[in-house]
Amino acid sequence: MLKQLFDYVQSLFFLAKDVQQNRDDIERLQSRVEDLTEKICLLANEVQLISEREQHEREKFILRVENALLRSERAFPLSRETKKPK
């Protein structure tokens, strides 16, 4: 009977130790999750900024192409429009 009681107390001690280790592990994991969440938010913001910057660059490029086309049309007018009737 004493041996059985000793085994129960020993099991209880090891279980208490395991529970404390699990709590410590959970705290470390929660901290890592918080760090990763913060980094993911920063990356998401960076991706958003890059996306907006790229959109603005595309818009500027389109405007430059349109301006070049308009300038080329003025430089080379259509022959029908420039000829005067006789």
Sequence neighbours excluded, the answer for salt bridge (charged side-chain N to carboxylate O under 4.0 Å, His left out) partners of Glu46 is none

Can you list, by chain and residue number, the hydrophobic cluster partners of Leu42 when the side-chain cut-off is 4.5 Å? none

Could you work out the complete set of other residues in the hydrophobic cluster of Ile62, with links drawn between I, L, V, M, F, W and Y side chains under 4.5 Å apart? none

When Ile, Leu, Val, Met, Phe, Trp and Tyr are grouped by side-chain heavy atoms lying under 4.5 Å apart, directly or through other members, which residues fall in the same group as Val65? Phe61, Leu69

Which residues pass the salt bridge (charged side-chain N to carboxylate O under 4.0 Å, His left out) test with Asp7, sequence neighbours left out? Lys3

Ignoring hydrogens and angles, write down the donor-acceptor pairs under 3.5 Å from the side chains of residues 30-38, residues two or more places apart or on other chains.
residue: Thr37; atom: OG1; partner: Val33; partner atom: O; Å: 2.7

Could you work out, with side chain to side chain contact (heavy atoms under 4.5 Å, CB included) as the rule, every residue matching Gln55, not counting sequence neighbours? Arg58, Glu59

In Å, rounded to the nearest 0.5 Å, how long is the span from CZ of Arg64 to CG of Asn67? 9.5 Å

Identify, with sequence neighbours excluded, every residue that meets side chain to side chain donor-acceptor pair (under 3.5 Å) alongside Glu66. none

Mind checking what makes salt bridge (charged side-chain N to carboxylate O under 4.0 Å, His left out) contact with Lys60, not counting sequence neighbours? Glu57

Salt bridge (charged side-chain N to carboxylate O under 4.0 Å, His left out) partners for Asp25, two or more places apart: Arg28

Pairs touching residues 8-17 that satisfy side-chain hydrogen bond (donor to acceptor under 3.5 Å, both in side chains), sequence neighbours left out: Gln4-Tyr8

Quick one: name the residues clustered hydrophobically with Phe13, using the 4.5 Å side-chain heavy-atom rule over I, L, V, M, F, W, Y, and just say none if it's on its own. Phe14

